[in-house]
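These notes are about the structure you will find just below.
Here is how names work: the chains are called A, B, and so on, in the same order as the sequence lines, proteins then strands, and each is numbered from 1.
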Amino acid sequence: MNLLLVLLTMSVTLGAYVFSRFINKRYPNPFLNVVFLSTALIIAVFWFSGITVSQYQDARNILTYLLGPATVALAIPLYRNQEILGRNILPVLGGIVVGTTANIVTTVWVAEFLGLDKLIVTSLVPKSVTVPIAVSVSGILNGDPTLTSVFVIVTGMIGTFLTPFLLNLLKVRNPLVRGLAYGTTAHGQGTASALAEGMVQGSMSGVAMGIAAIYMSIAAPFLVHHVLSL
Amino acid sequence: MRQGLRFMVQIALLWAIYQLGNWLAELSHLPVPGNVLGMLILFLLLLTGVVQIHWIEEGADFLLKHLAFFFIPIAVGLMQWIGLFRLSGAQLLLSIVMGTAVCVVVMNSVTGLLVRLCATKGGV
């Protein structure tokens, strides 16, 4: 491990993040999404300075490792909202279970119909939940975990545009329903957008991403082997 | 300084629960990832009062506030798959867009229906 290179690439990552957050706060626009903007900036910096993806690997592993404790931290919004959660347990669970199942089945059907490889289709299955969980499930399903992690990020970017667009189109005003949709379709990236919309939306999105991840990790192996026969 | 130390201890506690989750996942051979078990363990510890929320609140809120940051290094990995996206980008995007769209529409009907059902039963 080249310590200097790790420090340098980490600083570039942090710099791009801080800058993108500033831009996003100043000009709130879905196309100036923090993850999207930071990624574009870092790729541009690497491109011009000749840093390769393999040279970024160490910094990436360290930062990605921190997603583990960050996932555990999701118990906090779950605990804080136990009252709203308890009162609406049936709609919350029902919506997440049916929505997540529909999401997996639709994605696999469309991907197979469009002639994508089996490995790619399998790697798409866990795409809607937070990275550390999606990656673990991808391994269990014999998908490609790195490919899955990229799909998760792309899904998050798409969800932050598409989910609010559809919710507005369907004239959904209930903050509970809105928050659940954000968290179920676009995990942490959706939760960040939901928090910007309001506290109830944000906390429900956090709850949804947690429950969707738990449900997906249990349901995906079953769906893949018995329903979708991948 | 003391604030910083507190902060480090809180994140270390979250990390320890994460490791406990990993260890239990390996031991039990459940098809559930360690981080999910860690999250459930922490939730139960909070509900039973074994862990007080203020012990970990600041560290947890910090990690969640900057959740987007941890996704960036993975997104940079897109560079490696540029060939795949050039080849099947449209198919991939369409699969993801359709899955997401169907999920939002279905969820809205199911959650909305269940909210109304529970409300008429005198709940909510």
Answer with side chain, backbone, both or neither: which region of [X] has an atom nearer than 4.5 Å to a non-hydrogen atom of chain B?
X      : result
A:I104 : neither
A:V131 : both
A:V35  : both
A:I153 : side chain
A:Y79  : both
A:L124 : side chain
A:F46  : side chain
A:L169 : neither
A:T71  : both
A:R21  : side chain
A:I96  : both
A:A70  : both
A:L162 : side chain
A:I158 : side chain

Residue selection (most heavy-atom pairs with chain A, distance under 4.5 Å) from [options]:
options                      : result
B:V110, B:L13, B:I96         : B:I96
B:P73, B:G112, B:A90         : B:P73
B:A75, B:G59, B:A25          : B:A75
B:L93, B:D61, B:V105         : B:D61
B:V104, B:L94, B:V102, B:I74 : B:I74
B:L113, B:I17, B:V97         : B:V97

If we define contacts as heavy-atom pairs under 4.5 Å, which of [options] has the most with chain B?
options                      : answer
A:I84, A:T52, A:V72          : A:V72
A:L114, A:L195, A:N61        : A:L114
A:V177, A:L14, A:V105, A:I76 : A:I76
A:V34, A:L180, A:N174        : A:L180
A:Q57, A:K127, A:Q82, A:R80  : A:R80
A:T107, A:I42, A:N103        : A:N103

Against chain A, label [X] side chain, backbone, both or neither, depending on which of its atoms sit under 4.5 Å from a heavy atom there.
X     : value
B:L40 : side chain
B:L84 : side chain
B:N22 : neither
B:L42 : both

- Measure the spacing between CG of A:L41 and CD1 of B:I72 and express it to the nearest 0.5 Å.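 The CG atom of A:L41 sits 9.5 Å away from the CD1 atom of B:I72.
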- Query: How far does CZ of A:F36 sit from CG of A:N24, to the nearest 0.5 angstrom?
  - Reply: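 Atom-to-atom, A:F36:CZ and A:N24:CG are 12.5 Å apart.
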Nearest heavy-atom neighbours spanning [X] and [Y]:
X      : Y      : result
A:A59  : A:M10  : CB-CG, 3.8 Å
A:Y215 : A:T101 : OH-OG1, 2.7 Å
A:S203 : A:N81  : CB-ND2, 2.8 Å
A:T184 : A:A208 : OG1-CB, 3.6 Å

Among side-chain atoms of [X] and [Y], is any donor-acceptor pair under 3.5 angstrom?
X      : Y      : value
A:N168 : A:R178 : yes
A:T185 : A:T163 : yes
A:Y182 : A:T160 : no
A:D144 : A:S123 : no
B:Y18  : B:W23  : no

- Query: CZ of B:F85: more than 12 outside heavy atoms within 6.0 angstrom?
  - Reply: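 Correct, the count exceeds 12.
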- Query: Would you say A:W109 has more than 12 foreign heavy atoms packed within less than 6.0 Å of its CH2?
  - Reply: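 Counting other residues, nucleotides and ligands, CH2 of A:W109 stays at 12 neighbours or fewer.
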- Query: Relative to the ring of A:Y65, is the ring of B:W15 parallel (under 30°), tilted (30 to 60°) or perpendicular (over 60°)?
  - Reply: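 Geometry flag for A:Y65 against B:W15: tilted rings.
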- Proximity of B:F62 and B:H66 rings by center, below 6.0 Å: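 They qualify: ring centres under 6.0 Å apart.
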- Task: Using the side chain to side chain contact (heavy atoms under 4.5 Å, CB included) rule, pick out the option among A:T148, A:I140, A:I133, A:V135 that qualifies with A:P126.
- Result: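 Per the side chain to side chain contact (heavy atoms under 4.5 Å, CB included) rule, the option paired with A:P126 is A:T148, out of A:T148, A:I140, A:I133, A:V135.
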- Message: Working note: B:K65 + B:E58, criterion salt bridge (charged side-chain N to carboxylate O under 4.0 Å, His left out); need CA distance, chi angles, decisive distance, verdict.
- Response: CA-CA 10 Å; B:K65 186 178 168 197; B:E58 289 155 88; over 6 Å; no
